[in-house]
Amino acid sequence: MPAKIVVIGGGVGGTLTANLLSKELRRDAHVTVVDPTGMHVYQPGFLYIALGEANGRWLARDERQLLRKDVSLVVEAAAKVHTEASVVHLARGGTIPYDYLVLAAGARLVPEQVPGMLEGAYDFYSLDGALRLREALRSFDGGRILVGVAGIPYKCPPAPVEFTLMLEEYLRKRGIRDRSHVTLLSPLNRAFTIESASKVVQPIMERRGIELATFFNVESVDPAAHIVESLEGEKAEYDLLVLVPPHRGQRFVEESGLAGSG
């Protein structure tokens with residue numbers, strides 16, 4: 001009897017895991033992917049959308065086309081995992097039994113957990129967020145742009161630095177760099193989590209005139225005053241604020257008792 005492997009989530013991690021397991025185990029296992037939309041969206045492309053270099057349609061593929069033929073796809077949201085019974089409960093009432101379970105459901109963005117962020121900041125961590133930011137940048141004609149992190153941990157640690165460098169280039173191409181001030185607000189004592197990478201990145205930022213503010217962990221945003229405040233008690237004024245939203249696990253993961261207390 002082949003082992004039943006269920007992979008929850010059809011993102012990059014879930015898709016690769018399902019295909020690799022199916023390829024390696026062959027007849028020893030049957031792999032099923034559970035995904036709420038059945039569409040694979042390449043999330044690293046969101047920052048290119050924000051900067052007008054990509055179209056959202058280019059980043060989406062039918063998940064079925066990305067999976068091996070011997071991998072099953074269930075297009076429905078997971079509602080809960082019953083680990084004692086080894087069963088995944090689906091949103092519309094069905095169940096899927098498993099012998100082995102892989103959680104690859106991704107993170108849930110919760111910008112509402114930072115006071116003022118929804119009203120006063122933009123992000124590029126979702127398709128909707130990237131589209132909003134793209135329109136804001138198109139109408140931006142100069143001023144202070146802050147790029148920061150509103151919660152740790154977050155997926156794709158290089159993204160804030162990558163976006164900041166690409167943003168500076170974007171402003172130069174538009175001819176408004178001379179009247180724009182760009183600052184990266186880092187929650188650490190350096191620009192990037194990996195110290196050796198920071199030693200490469202920070203001189204580039206300095207040459208490009210990008211300011212680095214360290215130990216700035218975003219606590220709240222005042223949309224009316226255009227001020228962002230850190231846990232450390234510092235304040236920074238902005239004309240355009242771009243923040244990485246806080247991340248949490250998917251609700252079904254929390255409700256199934258599979259998430260940590262943090």
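A 4.5 Å side-chain heavy-atom check between Arg179 and Asp141 finds at least one atom pair inside the cut-off. Inter-residue side-chain proximity for Pro36 and Val75 is flagged as unmet; no heavy-atom pair is nearer than 4.5 Å. Residues Arg208 and Arg172 are in side-chain contact: their nearest non-hydrogen atoms beyond the backbone lie under 4.5 Å apart. A 4.5 Å side-chain heavy-atom check between Phe252 and Val81 finds at least one atom pair inside the cut-off. Within the 4.5 Å cutoff, no side-chain heavy atoms of His40 are placed close to those of Gln65. Between Asp35 and Val74, every side-chain heavy-atom pair lies at or beyond the 4.5 Å cut-off. Leu67 has its side chain within reach of Thr15: a pair of non-hydrogen atoms, C-beta onward, lies under 4.5 Å apart. Proximity of Leu47 to Met166: side-chain heavy atoms (C-beta onward) are separated by under 4.5 Å at one or more points.
Checked by atom type and distance alone, the side chain of His89 never pairs as donor or acceptor with a backbone atom of Val87 at under 3.5 Å. Judged purely by atom type and a 3.5 angstrom limit, Arg177 uses its side chain to pair as donor or acceptor with the backbone of Ser180. Side chain of Gln43 to backbone of Ser126: no donor-acceptor contact under 3.5 angstrom is found. Looking at Glu76, its side chain does come within 3.5 Å of a backbone N or O of Arg92 through a donor-acceptor pair. Remark: the backbone N or O of Gly52 is not paired with any side-chain donor or acceptor of Arg134 at under 3.5 angstrom. With Ser256 contributing its side chain and Leu258 its backbone, the two residues share no donor-acceptor pair below 3.5 Å. Of the possible donor and acceptor atoms, none in the side chain of Glu112 sits under 3.5 Å from a partner among the backbone N and O of Leu118. With hydrogens and angles disregarded, a donor-acceptor distance shorter than 3.5 Å links the side chain of Tyr238 to the backbone of Gly120. In this structure a side-chain-to-backbone donor-acceptor pair under 3.5 Å is missing from Asp28 to Pro2. Between the side chain of Arg132 and the backbone N or O of Tyr122, no donor-acceptor pair lies under 3.5 Å.
Checked against ring-ring contact (aromatic ring centres under 6.0 Å, His included), Phe216 has no partners two or more places apart in sequence or in another chain.
With values rounded to the nearest 0.5 angstrom, Leu25 atom CG is found 5.0 Å from Ile5 atom CD1. Interatomic distance, CZ of Arg190 versus CD of Glu195, reported as 5.0 Å (0.5 Å rounding). Taking CG of Leu184 as the start and OG1 of Thr214 as the end, the distance is 10.0 Å to the nearest 0.5 Å. Of the inter-residue distances, the one linking Ile49 atom CD1 with Arg57 atom CZ reads 10.5 Å to the nearest 0.5 angstrom. Atoms NZ and NE2, from Lys4 and His30 in turn, are 10.5 Å apart once rounded to the nearest 0.5 Å. To the nearest 0.5 angstrom, Leu66 atom CG is 8.0 Å from Arg61 atom CZ.
The minimum heavy-atom distance linking Ala18 with Val33 is given by the pair CB-CG2, 3.5 Å. Across Gln250 and Ala105, no two heavy atoms sit closer than the pair NE2-O, 3.2 Å. For the pair Pro111 and Pro246, the tightest heavy-atom approach, listed with the atom from each and the gap, is CA-CD, 4.0 Å. Residues Ala191 and Gln202 share a closest heavy-atom pair of N-OE1, 2.9 Å. Scanning both residues, Leu146 and Ala236, for their nearest heavy atoms gives CD1-CB, 3.7 Å. In this structure, Ala3 and Tyr100 approach most closely via the heavy-atom pair CB-CE1, 4.0 Å.
Side-chain atoms of Asp70 and Ser22 include a donor-acceptor pair closer than 3.5 Å.
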*Report the C-alpha separation of Leu243 and Asp123 in whole Å, then their side-chain angles, then the decisive distance to 0.1 Å, and conclude whether the side-chain contact (heavy atoms from CB on, under 4.5 Å) test is met.*
CA-CA 5 Å; Leu243 294 177; Asp123 78 88; 5.9 Å; no
*asked:* Evaluate Lys173 against Glu168 for salt bridge (Lys or Arg N to Asp or Glu O under 4.0 Å), listing each step before the verdict.
replied: CA-CA 9 Å; Lys173 288 180 178 179; Glu168 193 275 335; over 6 Å; no
*Verify side-chain contact (heavy atoms from CB on, under 4.5 Å) between Val228 and Ser220, making sure each step is shown before the conclusion.*
CA-CA 6 Å; Val228 57; Ser220 63; over 6 Å; no
*Run the side-chain contact (heavy atoms from CB on, under 4.5 Å) check on Leu185 and Asn217 step by step: do they pass?*
CA-CA 8 Å; Leu185 307 175; Asn217 289 274; over 6 Å; no
*Could you please spell out the steps behind the side-chain contact (heavy atoms from CB on, under 4.5 Å) verdict for Leu21 and Asn19?*
CA-CA 6 Å; Leu21 287 172; Asn19 284 336; over 6 Å; no
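By the rule that hydrophobic residues join a cluster once side-chain heavy atoms approach within less than 4.5 Å of another member, Leu165 and Leu171 end up as members of one cluster. Both Val242 and Leu137 belong to a single network of hydrophobic side chains, linked directly or stepwise wherever heavy atoms of I, L, V, M, F, W or Y lie under 4.5 Å apart. Linking Ile, Leu, Val, Met, Phe, Trp and Tyr residues whenever their side-chain heavy atoms come within less than 4.5 Å places Leu51 and Val147 in a single cluster. Hydrophobic clustering of Ile, Leu, Val, Met, Phe, Trp and Tyr side chains at less than 4.5 Å, counting indirect connections, unites Leu212 with Val244. Linking Ile, Leu, Val, Met, Phe, Trp and Tyr residues whenever their side-chain heavy atoms come within less than 4.5 Å places Leu133 and Val161 in a single cluster.
Surrounding CZ of Arg251 are at most 12 heavy atoms belonging to other residues, nucleotides or ligands under 6.0 Å away. Other residues, nucleotides and ligands place more than 12 heavy atoms under 6.0 Å from the NZ atom of Lys155. Other residues, nucleotides and ligands contribute over 12 non-hydrogen atoms within 6.0 Å of the CD atom of Glu254.
When each of Phe124, Tyr48, Tyr125 is paired with Phe163, the ring pair (Phe, Tyr, Trp, His ring centres under 6.0 Å) condition holds for Phe124 and for no other. Among Val7, Leu73, Val6, the single residue meeting the side chain to side chain contact (heavy atoms under 4.5 Å, CB included) criterion with Val34 is Val6.
Residue pairs that meet the side chain to side chain donor-acceptor pair (under 3.5 Å) test with at least one member in residues 77-87, sequence neighbours left out, do not exist here.
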